[in-house]
Amino acid sequence: MPEARVLIADDQADVLEALRLLLKGQGFQLHLARSPAEIVAAVETHEFDALLMDLNYTRDTTSGREGLDLIATIAAVDATLPILVMTAWGSVDGAVEAIRRGARDYIQKPWDNGRLLLTLRTQIDLARALRRSGKLAEANERLAAGGELPRLVAGSRAMESVLRIVERVAPSDASVLITGEHGTGKEVVARWLHAGSLRASRPFIAVNAGALGDGVFESELFGHVKGAFTDARADRIGCFELADGGTLFLDEIANMPAGQQAKLLRVLQTGELHRVGSSKLRKVDVRALAATNAPLAQLTGSGAFREDLLYRLNTVEIHLPPLRERKDDILRLAQHFLQVRSPRYGGKVVEFTPEAERALLGHRWPGNVRELEHVVERALLLASGPAIREEDLVLRAGGSERATAIDDMTLDDAERYLIVRALARANNNVSEAAQRLGLSRSALYRRLARYGLEP
């Protein structure tokens with residue numbers, strides 16, 4: 001098993017020494033405590049895989065009351081820490097009471113070495129599994145939102161250098177700063193860097209670092225413990241711990257206030273953090289990827305961004321060109337988005353007319369790849385045949401594309417638009433889409449037939 005940290009506690013020096021010799025010989029890392037106060041202090045400041053503790057500490061007592069009362073205190077500090085209790089005055093009643101209060105198992109002195117080691121290893125394995133499942137549960141929503149690895153559509157000469165750098169840098173642990181205008185695909189590149197690394201099997205956690213207010217910054221990135229503040233009703237794992245062993249993607253990094261930059265830098269440099277409301281030091285191993293559309297070199301010159309944080313983040317810098325500089329990719333990307341999105345809307349629209357392709361190539365794309373994706377999806381909603389026409393694209397002169405307002409549609413177009421959007425949001429579940437639209441299931445089916453739509 002991986003090296004485990006065990007806290008052993010007893011007020012008798014010979015007992016501690018016997019346990020130390022036994023467990024050290026088995027490869028455990030040990031921390032010793034001789035009183036309830038030392039136990040609580042150790043658990044509050046360090047992370048352990050297990051606690052092996054005596055129930056009696058005050059001279060001439062055999063009731064185990066001190067140890068029993070201590071179990072609840074320790075569980076309040078770290079509910080995932082497996083507690084194994086020991087006493088020379090063991091009884092069934094004492095064992096039941098200790099386990100009822102939160103202990104995982106009960107060992108009577110003098111102990112059998114084989115049974116003690118087996119029990120300890122079993123509880124450590126179980127606790128590690130529970131901690132992993134807790135992290136997975138917390139990360140589930142974030143990871144699900146990311147979905148599978150997005151396709152990196154890049155065949156133009158302007159993207160050749162980007163692909164070369166990604167290929168070289170991905171297998172390393174180097175921090176990477178990804179720059180470029182809004183919508184150029186910075187998170188897509190970050191996901192490819194993660195997928196090409198030795199951390200690919202570990203989590204990829206993305207967070208909009210520039211959008212975190214001071215009140216939630218530390219809780220979001222470092223986590224908090226129950227009771228740390230008014231709404232902290234349970235322990236919460238932060239993004240750094242969720243990404244432990246994997247990759248943390250910090251988007252919009254230039255928008256972080258100076259105070260947040262200092263806290264972030266400390267954790268990136270040391271790999272150590274404290275959850276809000278906890279004095280326990282936790283170690284994390286993450287690869288940091290960051291992204292910005294702002295000129296960080298200028299911001300450091302003006303003092304708006306810490307120079308030392310910039311150096312920590314940009315071991316390698318990858319700049320993504322705007323879509324207007326990679327025209328060879330426009331039709332590739334448009335066809336890709338058409339193939340991906342068309343099945344959502346019945347799958348009947350399969351191509352662009354030549355006029356539509358010319359319009360796509362002639363547009364300035366101020367919103368870059370993200371704008372192109374939105375334009376293709378809207379065109380799918382408005383298309384009435386198997387091909388997207390130029391008028392379906394609704395591209396504005398001068399390149400400043402805006403969303404089509406429902407007020408400019410006919411009644412039929414608006415109803416069709418709302419039905420398609422409701423189906424998309426409901427993942428093509430007709431009952432859920434009908435509920436969103438305030439219709440009965442049969443009424444929605446009649447409208448689907450009317451507009452030639454298939455869920």
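- Within 6.0 Å of the CD atom in E391, the count of heavy atoms belonging to other residues, nucleotides or ligands exceeds 12.
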Step-by-step side chain to side chain contact (heavy atoms under 4.5 Å, CB included) determination, R389 to E355
CA-CA 7 Å; R389 302 163 299 170; E355 294 76 17; over 6 Å; no

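- Remark: A304 pairs with L299, S302 by the side chain to side chain contact (heavy atoms under 4.5 Å, CB included) rule, at least two apart or across chains.
- Ionic pairing of R341 and E373 is present here: one or more N-O contacts between side-chain nitrogen and carboxylate oxygen are shorter than 4.0 angstrom.
- For Q123 (side chain) and P82 (main-chain N/O), no donor-acceptor pair under 3.5 Å exists by modelled atom type.
- In this structure, D49 contributes its side chain and R5 its backbone to a donor-acceptor pair below 3.5 Å.
- The backbone N or O of Q339 sits nowhere less than 3.5 Å from a side-chain atom of S342 that would complete a donor-acceptor pair.
- Donor-acceptor pairing under 3.5 Å is lacking for the side chains of R202 and T247.
- Taking the side chain as every heavy atom from C-beta outward, F240 and V286 approach each other to under 4.5 Å.
- Between R128 and D125 there is no salt bridge, since no side-chain nitrogen of the basic residue lies less than 4.0 Å from a carboxylate oxygen of the acidic one.
- Side-chain polar atoms of Q435 and R441 form no donor-acceptor pair below 3.5 angstrom.
- Salt bridge annotation for D328-R157: absent, with no cationic side-chain nitrogen under 4.0 angstrom from a carboxylate oxygen.
- The nearest pair of heavy atoms linking P321 to T184 is O-CG2, 3.9 Å.
- Aromatic ring pairs are classed by plane angle as parallel below 30°, tilted from 30° to 60° and perpendicular above 60°; the pair H194 and F204 is tilted.
- More than 12 heavy atoms of other residues, nucleotides or ligands sit less than 6.0 Å from atom CZ of R332.
- Under the ring pair (Phe, Tyr, Trp, His ring centres under 6.0 Å) criterion, F217 pairs with F222, sequence neighbours left out.
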Under the side chain to side chain contact (heavy atoms under 4.5 Å, CB included) rule, what do L51 and I74 come out as? Steps first, then yes or no, please.
CA-CA 10 Å; L51 165 60; I74 295 167; 3.3 Å; yes

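- No side-chain donor-acceptor contact under 3.5 Å links E377 to the backbone of F337.
- Looking at W365 and E325, their side chains never come closer than 4.5 Å, going by heavy atoms from C-beta outward.
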E272 and V267: CA distance, side-chain angles, deciding distance, side chain to side chain contact (heavy atoms under 4.5 Å, CB included) verdict
CA-CA 5 Å; E272 299 175 346; V267 177; over 6 Å; no

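- With a 4.5 Å cut-off on side-chain heavy atoms, L289 and L248 do not count as touching.
- Using a 4.0 Å cut-off between charged side-chain N and carboxylate O, R275 and E241 make a salt bridge.
- Remark: side-chain polar atoms of T315 are not paired, donor with acceptor, to backbone N or O of A174 under 3.5 angstrom.
- Salt bridge absent: D251 and K186 never bring a charged side-chain N and a carboxylate O closer than 4.0 Å.
- Counting heavy atoms from C-beta on, the side chains of P36 and T73 never come closer than 4.5 Å.
- The existence of a salt bridge linking E44 and K280 is excluded, since no basic side-chain nitrogen approaches an acidic carboxylate oxygen closer than 4.0 Å.
- For the pair I178/V176, a side-chain contact is recorded, criterion being any heavy-atom separation below 4.5 Å from C-beta on.
- Looking at heavy atoms from C-beta onward, D235 lies out of side-chain contact with D78 at the 4.5 angstrom threshold.
- Panel note: side chain R312, backbone L268; a donor-acceptor pair is recorded below 3.5 Å.
- Rounding to the nearest 0.5 angstrom, the gap separating the CZ atom in R447 from the CD1 atom in I419 is 6.5 Å.
- Side-chain N or O atoms of T45 include one that pairs as donor or acceptor with a backbone N or O of A41 at under 3.5 Å.
- The nearest pair of heavy atoms linking P343 to V340 is CD-O, 3.6 Å.
- With hydrogens and angles ignored, the 3.5 Å screen pairs no side-chain donor or acceptor of W192 with any backbone N or O of E167.
- R416 contributes a side-chain N or O that, together with a main-chain N or O of L381, makes up a donor-acceptor pair within less than 3.5 Å.
- F229 is linked by a ring pair (Phe, Tyr, Trp, His ring centres under 6.0 Å) to H224, counting only residues two or more places apart in sequence or in another chain.
- Counting only N and O atoms by type, the side chains of N368 and E181 include a donor and acceptor under 3.5 Å apart.
- A distance of 8.0 Å separates CG of L32 from CG of L7, quoted to the nearest 0.5 Å.
- The neighbour count for Q269 CD, taken as heavy atoms of other residues, nucleotides or ligands under 6.0 Å away, is above 12.
- A salt bridge links K263 to E218: at least one charged side-chain nitrogen sits closer than 4.0 Å to a carboxylate oxygen.
- Salt bridge D244/R199: absent, no basic N to carboxylate O contact under 4.0 Å.
- A salt bridge links E415 to R450: one of the charged nitrogens lies within less than 4.0 Å of a carboxylate oxygen.
- For the side-chain contact (heavy atoms from CB on, under 4.5 Å) test with L309, the passing option among T300, L265, N314 is L265; the others fail.
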Side chain to side chain contact (heavy atoms under 4.5 Å, CB included), that's the test. Do N429 and R436 meet it? Break it down for me.
CA-CA 11 Å; N429 184 306; R436 287 175 179 270; over 6 Å; no

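- Between N208 atom CG and F249 atom CZ the span is 9.0 Å, to the nearest 0.5 Å.
- Between the side chain of E220 and the backbone N or O of C239, no donor-acceptor pair lies under 3.5 Å.
- When the shell of 6.0 Å around NZ of K24 is examined, it contains 12 or fewer heavy atoms from other residues, nucleotides or ligands.
- The side-chain heavy atoms of V166 and I318, taken from C-beta on, include a pair separated by under 4.5 Å.
- Just one of I330, L333, I388 meets the side-chain contact (heavy atoms from CB on, under 4.5 Å) condition when paired with L360; it is I330.
- Here the side chains of Q335 and F352 are in contact, with some heavy-atom distance below 4.5 Å.
- Between K327 atom NZ and H363 atom NE2 the span is 10.0 Å, to the nearest 0.5 Å.
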